[in-house]
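Please read the structure below before turning to the comments.
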Amino acid sequence: MITEVAGQYNAQDLENRIRQMWEEAQTYRKVRENRVGKRKFFFVDGPPYTTGRIHLGTAWNKVIKDSILRYKSMNCFDVKDRPGWDMHGLPIEVKVEESFGFRSKRDIEAYGVDKFIQRCKEFALRQKDDMTAQFKMLGAWMDWDDPYMTLKNEYIEAAWWTLKKAHEHNLLERGLRVVNWCPRCQTAIADSEVEYWDETDYSIYVKFPVEGEENTYIVIWTTTPWTIPANVAVAVNPTFQYSKVRAWKDGTAEELIIASDLVESVLKEGRYKDYELLGTLSAKEMQELKYTHPLQDLVPGQKSIKHGVYAADFVTAENTGCVHIAPGHGLEDYELGLEMGLDIFCPVGEDGRYTADAGERYIGKYVKEADGDVILDLEERSKLLAQGRLTHRYGHCWRCKTPIIFIATSQWFLRISDLRDKMLDEVSKVTWYPEWAGSARFSDWINNARDWCISRQRYWGIPLPIWTCPACGHIEVIGTAAELEERSGQKLVDLHRPEVDAVLLDCPCGGKMKRSPDVFDVWFDSAVASWATLHFPSDEKQFEEWWPADFITEGHDQTRGWFYSQLGASMVSFGRAPYKSVLMHGFTLDDQGRKMSKSIGNVVQPEEVVQKYGADILRFYVLGANAPWEDLHFSWDAVENTSRMLNIFWNAYRFALPYMILDKFDASKADLSKYQSSLRAEDRWILSRVNSLIEEVTRSMEQYQLHRIVRSISDFILEDLSRWYIQLIRPRTWIEQEDPDKLAAYATIYEVLVTLSKIMAPFTPFLSESIYQNLVRGLDPNAPQSVHMCSWPGPKKELIDKRLEASMALVREISEAASNARQKKARKLRWPVLEIVIAPCKDDVDLDNLEPVLKGQTNSKKITVLSPGEKPKMKLEMAPVHRKIGPVHKGDAKLVVEALRIADASKIKRQLDEEGEAHLSIGDKSYTITREMVQFSELPPENLSAAEFSLGFVYVDITLTPELESEGYSREIIRRIQDMRKELDLRVEDRISAVVDIESKPILDLAMRQKEHIASEVRAAKFELGLGLELKGKLVKDWEIEGVCVRIGIDLI
RNA sequence: GGGCCCGUAGCUUAGCCAGGUUGAGCGCACGGCUGAUAACCGUGAGGUCACGCGUUCAAAUCGCGUCGGGCCCA
């Protein structure tokens, strides 16, 4: 049984009901089981970090995933859809630290690492549960009962196994490197964890005294005075020329060495009054210089260092052209240092404070606060040439926002820079949506790939499974828990710190190997997701069956993140990309394109949208707002629009239900094949359109052009279904007998709605399910239990008729033009017109059996299609051209003009055409009229109103006849009675009695001709029409129709 | 400094890959429709398709450059 539905589309109620139904019937599980053994579609979920709240971007991300998975499932794929959770790492440590008011690692150690880990774990698990509920609310169907979690032993093993592989392939390396260092978190952080924003720093010019030359200095520039104590060299560009100048300031002179092109600007910075050029030095000559450190007396570590000048390509023609090199504090500095064999001097500890190597003056000072001291000390020693402030982009720890520093520390690296070419090759084999995400953006990132620092000096993470022997330096990487148990004889319940720290292994040399105390960079966790999610390495069978992933999709920030980390990890362990296709999507921004942030107060919670509008509306909105790979500018207005659109769909769905129920529409009547001979052209048209729609949606879906899908579906619903087809079939639904014409319309709209419920199922799963349950399951209890178990509908090609679609498009255009023309002459659509004339300019108008439709929609008695170029009979207008008449007829010009005004234009034209001139007689005089004295124009006659359409013009003949007027008045009366029925809240099938009193006799006579028609249209069993009638009934109203008072009384019988 | 993306009506955008009359929605004004009705439709006003140069019979679309915005990198 089909049942009637609520008046308004109430998404919340509907979604709650459907959610409950799915829950009770275990629908999700059944849908997936339904496809077991079919073609495999391995999707890997990029694990969201367990922050506790999903934001709009996360919601969008999961909606995209869910829509695609539902689509694949309908297309008979056995879908792997394990969701994931990224649960380790600094963000959670920072949150837990905050909750206890901890300020440093020392606080954590004092509290107890075991308890701290426990808190982190509890925190992550709680957040995961909260977020799961939010994802479910969006209708995201994934395996929520069995997600992969990075904190599970099994997952940790996947990371261990991968590192062991890297070690076996000789890609794991320990080394002193300059890394991004967060002094607060006291750990190395990855390039991808550095957040840049503007910061104002010192900008100083320092003079380094040249050895063996009196009062001579190399001038360098830096924004980090605190790195001066660690200076070991100066770099110059091998292609630059340098100058030695004598410069005067405050009555004294000194000799300065600066890149030639920059002398003027540097001296200006230093406020020198004057200077003279002493000579130039080539880069080669520069490299022969030695200098002494400007703070040599303060920094004892500097005593043993030889300071020289070296060539480096990275030196640019900015500032002084001489670059201060501190290999302990800069990436390029370090690399230069390595190349040139310089000391890697780093007098700064992990806490960001100077060590004893920096000397008494600086020891214990936090480097970012020591800038002032360094400047002061330089000034005291007359080594400061100038100082100022500079605003520039500076890196910060992405979690605690502390400015990062560069320090040289000992870390573990994956040597993936060696794999660069292979990675590029793999990237080109992956299918990217859009194409440039891979070929341009990602490839560019990989081209700049450096070795991956995977070690972090923290607690809450996957422990590095690297054991080293303090005695002989032997290294062993453990791949699984079982292997660890075998090697150590200890079985660990939990593989996290601190338990694992206590495990010692025997070294072949007889010593005891200890675990390297670091944990993994959290990016490494998710990097192994594609095999960890398959329970690899413990379950190799699943890996064989599923890996690599068919599809992943994430935001464009993941270019440097998960797309990359997965590729890196997969390259070291399997030598290939772990995914076959990638859809890169955008960011969610506010309606002005700004990032959503708490400080601006423009954050929109997905829950807020769901509560106001419903999950389907949020889903349909985010999918359709723009192309997936572009940033989404969230707009409440646009959500409102989406809501309105789906409400129209709801109304369209609801429209036919009462009639169908009334007519006991059942499975036997739903069979379209029975009505082949009764289908009208418009039925065949909408069936063609809906099948074309299937084609469009399928084609867009195969390219993940999600926005086009939403557009196609919306257009179909609004334009084809609601604004057109339903309008066309309304009269047929009012027929009261078992009429094949009516049943054909029912069967057609049924077919259309059921098809829509299927093709919308991936995108608006709740609404689709609800319609499907009513229309399909309501008639056939043996139909698949859920719309999501149905197969994706293939287009029925035999129903697609492009000619018919084109003709209907034309009919719509002509109807619009006709109503435009009516409006020009103020003739309402309710009033029929005699004729509509279609006059195409060039192309034939092919109405393809749609003339009745056009007649009905334009409310006209006759349709005439002219052949191209042909015009309806036009009225010729003629205007006198004064400046041509005047010179010829002089004093009589006025008379001539007047005569032309009343003359017969067509007669004049004929004379002109035939004889080249015309003659006008006024009184007894004759005047000659030449062609240039008049201007002709063709106008439609008074009774025709014209409007343009794409192929030409449409003319509406608005001549009134008594027949037309009679129909017009009757329709006016019908509409008002219908309005009153509505007011009394009557049901469609209710019968009424009606009395209509019309105060004007002529109009009454006109209406009288249609008495029977009016009575039947308004279902009046008793109907009186007259003048001076007594009005009775439950509802009596006075109306005014075309200036005439009409009083109507109706009552339910 | 480099890479990628974006720039179309007051706002949000479609069209761009595949060159051939820039199309919608919101808002505004006027009109219409009415058994889907707290809905809907039509018409109007509003576009140097960021700018410049080039390719072409033809450029919003392709190429080069400039400017502005975003993301990422250095």
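Chain A is the first sequence line, chain B the second, and so forth, proteins listed ahead of strands; every chain is numbered from 1.
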Exercise. Return the value, rounded to whole Å, for the distance between atom CZ of A:Arg812 and atom C1' of B:rC40.
Key: 13 Å

Practice problem: To the nearest Å, give me how far apart CG (A:Leu646) and P (B:rC40) are. | Solution: 13 Å

Exercise. With C1' as the reference atom in both, quote the distance from B:rG47 to B:rC11 in angstrom, rounded to an integer.
Key: 14 Å

Exercise. State which of B:rA36, B:rG32, B:rC40 makes the closest approach to the side chain of A:Lys828.
Key: B:rG32

Self-check item: Side chain of A:Trp445 (C-beta onward), nearest among B:rA39, B:rC26, B:rC72
Solution: B:rC72

Practice problem: Answer with yes or no after comparing the ring centroid distance for A:Trp60 and A:His585 against a 6.0 Å cut-off, counting only values under it. | Solution: yes

Practice problem: Determine, using ring centers only, whether A:Tyr704 and A:Tyr433 are less than 6.0 Å apart. | Solution: yes

Practice problem: Could you check A:Ala817 against A:Glu630 and say which one's nearest nucleotide on RNA chain B is further toward the 5' end? | Solution: A:Glu630

Quiz item: Which whole number of Å gives the distance between the P atom of B:rU48 and that of B:rA60?
Solution: 13 Å

Quiz item: Under 4.0 angstrom, heavy atoms only, what part of the nucleic acid is A:Ala652 near: base, sugar-phosphate, or nothing?
Solution: base

Quiz item: Which listed nucleotide (B:rA74, B:rA36, B:rC72) is nearest to the side chain of A:Arg441?
Solution: B:rC72

Exercise. Answer yes or no: does a side-chain N or O of A:His556 lie under 4.0 Å from OP1 or OP2 of B:rC4?
Key: no

Quiz item: How about A:Trp1039 and A:Asp979: does a side-chain donor come under 3.5 Å of a side-chain acceptor?
Solution: no

Practice problem: Verify whether the ring centers belonging to A:Phe406 and A:Tyr334 lie closer than 6.0 Å. | Solution: no

Quiz item: What does B:rC40 pair with, Watson-Crick or G-U, if both distances are under 3.5 Å?
Solution: B:rG32

Self-check item: Complementary nucleotide of B:rG47, counting Watson-Crick and G-U pairs under 3.5 Å
Solution: none

Exercise. Take atom C1' in B:rC30 and the same atom in B:rA38, then report the distance between them in whole Å.
Key: 23 Å

Practice problem: Pick base, sugar-phosphate or nothing for A:Arg971, based on heavy-atom distances below 4.0 Å to the nucleic acid. | Solution: sugar-phosphate

Exercise. Specify whether A:Trp831 and A:Tyr969 have parallel, tilted or perpendicular ring planes, treating 30° as the upper limit for parallel and 60° as the lower limit for perpendicular.
Key: perpendicular

Self-check item: A:Gln705 CD - B:rC16 C1' separation (whole Å)
Solution: 11 Å

Quiz item: B:rC33, B:rC6, B:rC73: which one has an atom nearest the side-chain heavy atoms of A:Arg560?
Solution: B:rC73

Practice problem: Under 4.0 Å between any heavy atoms, over every strand shown, what does A:Thr733 touch: base, sugar-phosphate, or nothing? Just pick one. | Solution: nothing

Quiz item: Can you tell me if the side-chain N/O atoms of A:Arg644 get under 4.0 Å from OP1 or OP2 in B:rC26?
Solution: yes

Quiz item: With rounding to whole Å, what would you report as the distance between B:rG7 and B:rU12 at their P atoms?
Solution: 12 Å

Exercise. Let me know the distance between CG of A:Leu829 and P of B:rU43, rounded to the nearest Å.
Key: 13 Å

Quiz item: Given the rule in the salt bridge (Lys or Arg N to Asp or Glu O under 4.0 Å) test, do A:Arg732 and A:Asp683 qualify, once you have shown the distances and angles that lead to the verdict?
Solution: CA-CA 12 Å; A:Arg732 293 159 77 189; A:Asp683 301 331; 2.7 Å; yes

Quiz item: CD of A:Glu640 versus P of B:rU12: gap in Å, rounded?
Solution: 18 Å

Exercise. Look at all strands and tell whether A:Tyr621 reaches a base, only sugar-phosphate, or nothing, counting heavy atoms closer than 4.0 Å.
Key: nothing

Quiz item: Roughly, in whole Å, what's the span from CZ in A:Phe442 to C1' in B:rC73?
Solution: 14 Å

Quiz item: Considering Watson-Crick and G-U wobble pairs with both distances under 3.5 Å, what does B:rG7 pair with?
Solution: B:rC67

Quiz item: Any donor-acceptor pair under 3.5 Å linking the side chain of A:Thr224 with the backbone of A:Thr227?
Solution: no

Quiz item: Expressed as a whole number of Å, how far does the P atom of B:rC41 sit from that of B:rC33?
Solution: 15 Å

Quiz prompt | Complementary nucleotide of B:rG1, counting Watson-Crick and G-U pairs under 3.5 Å | solution = B:rC73

Exercise. Please check the phosphate of B:rG15 (OP1 and OP2 only) for any side-chain N or O of A:Arg708 closer than 4.0 Å.
Key: yes

Self-check item: Which nucleotide in B:rU34, B:rA14, B:rA36 has an atom nearest any side-chain atom of A:Arg830
Solution: B:rU34

Practice problem: Give none if B:rU55 has no partner; otherwise give the nucleotide forming a Watson-Crick or G-U wobble pair with it, both distances under 3.5 Å. | Solution: none

Practice problem: Could you work out the separation of B:rA18 and B:rC64 based on their P atoms and round it to a whole Å? | Solution: 15 Å

Exercise. Can you tell me, in whole Å, how much space there is between the C1' of B:rU13 and that of B:rG52?
Key: 26 Å

Quiz item: Hey, does A:Gln727 reach any base, or is it just sugar-phosphate, or nothing, if we go heavy atoms under 4.0 Å?
Solution: base

Quiz item: From A:Leu583 CG over to A:Thr553 OG1, what is the distance, rounded to the nearest 0.5 angstrom?
Solution: 3.5 Å

Quiz item: What's the closest nucleotide to the A:Asn651 side chain, out of B:rC33, B:rG2, B:rA36?
Solution: B:rA36

Quiz item: Which of these nucleotides, B:rC73, B:rU43, B:rC26, is closest to any side-chain atom of A:Glu816?
Solution: B:rU43

Exercise. Output yes when at least one side-chain N/O atom of A:Tyr9 is less than 4.0 Å from OP1 or OP2 of B:rA36, else no.
Key: no

Quiz prompt | Distance, C1' atom - from B:rA9 to B:rA50, rounded to whole angstrom | solution = 15 Å

Quiz prompt | Nucleotide forming a Watson-Crick or wobble pair with B:rG27, both distances under 3.5 Å | solution = none

Quiz item: Using 4.0 Å as the upper bound for N to carboxylate O, is an ion pair formed by A:Asp990 and A:Arg1019?
Solution: no

Quiz item: Whole Å only: how far is the CG atom of A:Leu632 from the C1' atom of B:rC11?
Solution: 16 Å

Quiz item: Start at the 5' end of RNA chain B and walk down; is the nucleotide closest to A:Ile977 or to A:Asp444 reached first?
Solution: A:Asp444

Quiz prompt | Mate of B:rA14 where both pairing distances stay under 3.5 Å, Watson-Crick or G-U | solution = none

Self-check item: Nucleotide of B:rG32, B:rA14, B:rC26 approaching A:His707 most closely (side-chain heavy atoms)
Solution: B:rA14

Quiz item: Nearest to the side chain of A:Asn626, which nucleotide is it out of B:rU12, B:rA14, B:rA39?
Solution: B:rA14

Exercise. When you get a sec, tell me which of B:rC5, B:rU34, B:rG42 is the closest nucleotide to the side chain of A:Trp436?
Key: B:rC5

Practice problem: For A:Tyr433 and B:rC17, give me the distance from atom OH to atom P, rounded to whole Å. | Solution: 19 Å

Practice problem: Under a 3.5 Å limit for both distances, which nucleotide forms a Watson-Crick or G-U wobble pair with B:rA60, could you say? | Solution: none

